[in-house]
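Please read the structure below before turning to the comments.
Please read these numbers as outputs of a predicted model, since none were measured by experiment. Below, chain A is the first sequence line, B the second, and so on; all start at residue 1.
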2 protein chains.
Amino acid sequence: MKNLPEVPAERALRVIGGRWKLHVLWHLLEHRRRLSELQRLIPGITQKVLIQQLRELEAHGVVSREVFAEVPPRVEYEATPLGLTLRPLLESLCSWGRQHAQARGAR
Amino acid sequence: MKNLPEVPAERALRVIGGRWKLHVLWHLLEHRRRLSELQRLIPGITQKVLIQQLRELEAHGVVSREVFAEVPPRVEYEATPLGLTLRPLLESLCSWGRQHAQARGAR
DNA sequence: CCGTATCCTATCGGATACTG
DNA sequence: CAGTATCCGATAGGATACGG
């Protein structure tokens, strides 16, 4: 898998910058969740893409994956300690986005 | 030009999420600059792409463009008031990226 | 339930050449 | 100096089908 940029801000963007990563992170920052749960919580995402996004978040150290040897199979994802540090950043993004929408409407 | 997402955090990412936008913004947050100046400050970017990125930043209301009727032509770009509000966000990104690099090395 | 394998499309951004 | 016009390759991600 390709390495992250060295410029810090770009690295941050690369980690959170996928099509659905904010959604995934948001839900995992609340608490650990199963795959099927995430898929239900994020309407419009396909299973394949959801797993892709999770794998990337995992590769970047912000999400971890735990497999339970059960029948039927159960897999849970959760934010790592490093992942948890994203919360204030996501909140800043959110608040800036709101401010922008306020200032510019739908554009 | 396509409208921004309504989910605030995604909207923010869309505005700053181009390949060179962080670089461009960074330089324009210092002070207004000419096109040629930006191109010199951002090695590796082509003129076409630089202009593309600037046009998008303009369309999203964070950068403005001023043309001076001179010979040779002079055009200057600067951060709008809305664009200036990005500074703390960019700093947060930068600091999280550093923290991430610290925790994970080159990965 | 969870995951992989194909296939396919749209979009982005890089290379290059040309114009007022 | 600033900008436009083409062309083009890489890639992200969506649709769908199948497998443990």
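For the pair A:Gln39 CD and D:dA15 P, the computed distance is 12 Å after rounding to whole Å. One can place CZ of A:Arg65 at 12 Å from C1' of C:dT4, the figure rounded to the nearest angstrom. Regarding B:Glu37, its CD atom lies at a distance of 14 Å from the P atom of D:dG3, rounded to whole Å. Rounded to whole angstrom, the span from the CG atom of B:Leu54 across to the C1' atom of D:dT4 amounts to 15 Å. Going from atom CG of A:Leu22 over to atom C1' of D:dG13 covers 16 Å, rounded to whole Å. The distance from atom CD of B:Glu66 to atom P of D:dG3 is 13 Å, rounded to the nearest whole Å. One interatomic measurement links the two molecules: CZ of A:Phe68 to C1' of C:dC2, which rounds to 14 Å at whole-angstrom precision. Separating the CZ atom of B:Arg55 from the P atom of C:dC12 is a distance of 16 Å, rounded to the nearest angstrom.
Within the nucleic acid shown, A:Val75 comes within 4.0 Å of sugar-phosphate atoms alone, with no base atom in reach, counting heavy atoms only. Within 4.0 Å of A:Ile51, counting heavy atoms only, lies at least one base atom of the nucleic acid.
A close approach under 4.0 Å does not occur between any side-chain nitrogen or oxygen of B:Tyr77 and OP1 or OP2 of D:dC1. Listed pair B:Trp20 / C:dC12 fails the phosphate criterion, with no side-chain N or O lying under 4.0 Å from OP1 or OP2. Side-chain N/O atoms of B:Arg34 include one lying less than 4.0 angstrom from OP1 or OP2 on D:dA2. Applying the 4.0 Å criterion to OP1 and OP2 of C:dG13, one finds that B:Gln53 has a side-chain N or O inside that range. The phosphate of C:dG13 (OP1 or OP2) has no side-chain N or O of B:Thr46 nearer than 4.0 angstrom.
Residue side chain A:Gln52 does not reach the base of D:dA12 through any donor-acceptor N/O pair under 3.5 Å, judged by distance alone.
Out of D:dA12, D:dG14, C:dC2, the shortest distance to the side chain of A:Lys48 is found at D:dG14.
Heavy-atom distances to DNA chain C give each of B:Lys21 and A:Pro73 a nearest nucleotide, and the one nearer the 5′ end belongs to A:Pro73.
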Could you check A:Glu76 against A:Arg32 for salt bridge (Lys or Arg N to Asp or Glu O under 4.0 Å), going step by step and ending with a plain yes or no? CA-CA 6 Å; A:Glu76 291 188 356; A:Arg32 53 169 34 219; 2.4 Å; yes
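Contact record, A:Ile16 with A:Lys21: O-CB, 3.6 Å, taken as the closest heavy-atom pair. Looking at every heavy atom in both residues, A:Arg11 comes nearest to B:Gly105 through NH2-O, 3.2 Å.
A donor-acceptor contact shorter than 3.5 Å links the side chain of B:Glu37 to the backbone of B:Arg34.
Between A:Arg65 and A:Glu78 there is no salt bridge, since no side-chain nitrogen of the basic residue lies less than 4.0 Å from a carboxylate oxygen of the acidic one.
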